[in-house]
Each structure stands twice: as structure tokens, then as C-alpha cells.
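In what follows, a single structure is set out as C-alpha cells and then discussed.
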Amino acid sequence: MPRLSRHFFVRPTLTVTRELLGKYLVHQTRQGLFVGEINEVEAYANVDDPASHAFRGRTLRNTPMFLEGGHAYIYFTYGMHYCLNIVTEQADTAGAVLIRSVIPIEGIKMMQKNRGGKPLKILTNGPGKVCQAFGLTKQQNGLDLVTSTELWLEDRGKKISRFQKTPRIGIRNGTNKLWRFVS
DNA sequence: ATACTGATGGCCT
DNA sequence: GGCCATCAGTATA
């Protein structure tokens, strides 16, 4: 499979964000293989972005955001949900793309099991839902998606011609930027 | 259809 | 102590 390599991720965050639409998220687990087509993303930048976890500099939690592009940043929020981000930019420059939604492609039966039997329409249409369906937790935080045998991204030749730009969801600051892309 | 709210815990000031 | 890059359920129309 044509796996995304380092140079794809080590670019400006907004470029990577746009190009992640239509790419495939793959999680290989003992339970089986999970695959989804990314169809909703959000860009989170560095110190100039008040919505970004990196806004106030490096902390214990946001450390993966400062790694070289291509790593995973998975954080725990609201006491019960995990959210998956794809780290962008070169090392020491924070930047990440939040995976807000995917279209289930493979491992749908297991995704439904992980999600308590929810129907296809609402199986993976939210950042917390994607992690729950794919079995992603703190365990995968910091993984290098370029070299990992467990978690990576693929280009399967899908072309995205049209997509919407909107403000990001669930934030208080930085709502002026249209950094949420939906295909 | 939209609007509101409780659940629940780690992180940061 | 306050604040969440959320979700599912309930209420209201």
C-alpha cells in the first residue's frame, strides 16, 4: 500500500490539513485491521493560534505536537474521550491536524462492537468516535506514523475536488479562522 | 430540525 | 478550581 512518508507531513500545517482529506487512516491491532477514509479535519497551529494546545508553549500533554511531522498526538478530553491528531511541520515547530471524521472502510463489524452497536451513519463522525471505533488511546500517543507497524496513513488514489471551509468546532478562541475542512 | 445538559477526569494556572 | 479540539440523551417545536 502507498503509505504516506515523512515529506508529506513536514510541510505547512494548512497544506497537510487540506491534503489529508481523502487519505486513509489504518490501525493494525490484535483485534484486526481498521481502515477509514478521512473526510473532516481541522488545523491547529503554533503560538499564533489561540485555539491550539501549543498556544502557551510546550507542556507535558502537548509535547508530541513539537515532534517532527508524521507523529501521532492523541489526547484525553472531557474525562472520557480521546482525539487523534497528525503532527505537522519540522521538529520544534508545533502543528497538528485533528481527525474529526472518517468514512468506515474496513473492520466495520469491530468498529460497531467498539462503539456499542451504533449504526453506520454515526459510527465515526466525530473525533471521539473515530478513536473509540478504531481502538485508539493514550497507548498510541507519540507513535511515528511513518515507521510504525501499528498505525499509519495511506494514499489510495482518491481525489478530493470539492470541500467546505468552516470555523473550527468546540473552541472558544480562534473561531475567526476557517480551518475546518469537510469533503 | 435545533438546543441544552450531564457525565467524568486530566491538565494547567 | 476552572476549563475543556466530546458525546448521547432529552426536550422543545
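Sequence lines set the chain letters: A, B, ... in the order given, protein chains first and strands last, and positions in each chain run from 1.
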Measure the distance from [atom1] on [X] to [atom2] on [N] and round it to the nearest whole Å.
X        : N      : atom1 : atom2 : answer
A:Arg61  : B:dG9  : CZ    : C1'   : 12 Å
A:Lys138 : B:dG10 : NZ    : P     : 10 Å
A:Gln132 : B:dA7  : CD    : C1'   : 14 Å
A:Asn62  : C:dC4  : CG    : P     : 15 Å
A:Ile74  : B:dG10 : CD1   : C1'   : 16 Å
A:Ile169 : C:dC4  : CD1   : P     : 16 Å
A:His53  : B:dC12 : NE2   : C1'   : 11 Å
A:His81  : C:dT6  : NE2   : P     : 9 Å

message: By nearest heavy atom, map A:Ile122 and A:Gly79 onto DNA chain C; which one lands nearer the 5' end?
response: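 That would be A:Gly79.
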
task: Specify the residue among A:Lys118 and A:Tyr75 whose closest nucleotide of DNA chain C lies further upstream toward the 5′ end.
output: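 That would be A:Tyr75.
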
May I ask you to evaluate whether [X] reaches the phosphate of [N], defined as a side-chain N or O under 4.0 Å from OP1 or OP2?
X        : N      : value
A:Arg180 : C:dA5  : no
A:Thr59  : B:dC12 : yes
A:Arg172 : C:dA5  : no

- request: May I ask which nucleotide in the shown strands pairs with C:dC7, Watson-Crick or G-U wobble, both distances under 3.5 Å?
  value: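 Checking every strand shown, C:dC7 finds its partner in B:dG6, with both distances under 3.5 Å.
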
query: After noting the C-alpha distance and the side-chain angles of A:Lys129 and A:Glu40, does the key distance pass the salt bridge (Lys or Arg N to Asp or Glu O under 4.0 Å) rule?
result: CA-CA 13 Å; A:Lys129 299 180 191 181; A:Glu40 181 181 343; over 6 Å; no

task: Give a yes or no on whether the backbone of A:Leu145 and the side-chain of A:Ser148 come within a donor-acceptor separation of less than 3.5 Å.
output: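 Looks like no, no N/O pair under 3.5 Å.
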
- prompt: If you check the A:Arg56 side chain, which of C:dA5, B:dT13, C:dC7 turns out closest?
  reply: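 Among C:dA5, B:dT13, C:dC7, the one nearest the side chain of A:Arg56 is B:dT13.
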
message: If you only use heavy atoms from C-beta on, which nucleotide in C:dA5, C:dC7, B:dT13 is closest to the side chain of A:Ser52?
response: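 For the A:Ser52 side chain, the nearest candidate turns out to be C:dA5.
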
message: With a 3.5 Å cut-off and heavy atoms only, can you find an N or O donor on one side and an acceptor on the other between the side chain of A:Tyr78 and the base of B:dA7?
response: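 Check fails, no donor-acceptor contact within cut-off.
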
task: Report yes or no: do A:Val26 and A:Leu143 belong to one cluster of Ile/Leu/Val/Met/Phe/Trp/Tyr joined by side chain heavy-atom distances under 4.5 Å?
output: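 No, separate clusters.
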
task: Kindly indicate whether a cation-pi arrangement holds for A:Arg61 with A:Tyr75, taking the cut-offs as under 6.0 Å to the six-membered ring centre and within 45° of the axis.
output: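 Yes, a cation-pi geometry.
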
field: Ring-base stacking, A:Tyr44 with C:dA5 (5.5 Å, 30° cut-offs)
entry: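 Stacking between A:Tyr44 and C:dA5: present.
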
query: With sugar-phosphate meaning primed atoms plus P, OP1 and OP2, does A:Ile171 contact a base, only sugar-phosphate, or nothing at under 4.0 Å between heavy atoms?
result: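 Here A:Ile171 touches the backbone only, sparing every base.
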
message: Using 0.5 Å steps for rounding, measure from the CD1 atom of A:Ile99 to the CG atom of A:Leu136.
response: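 The distance works out to 10.5 Å.
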
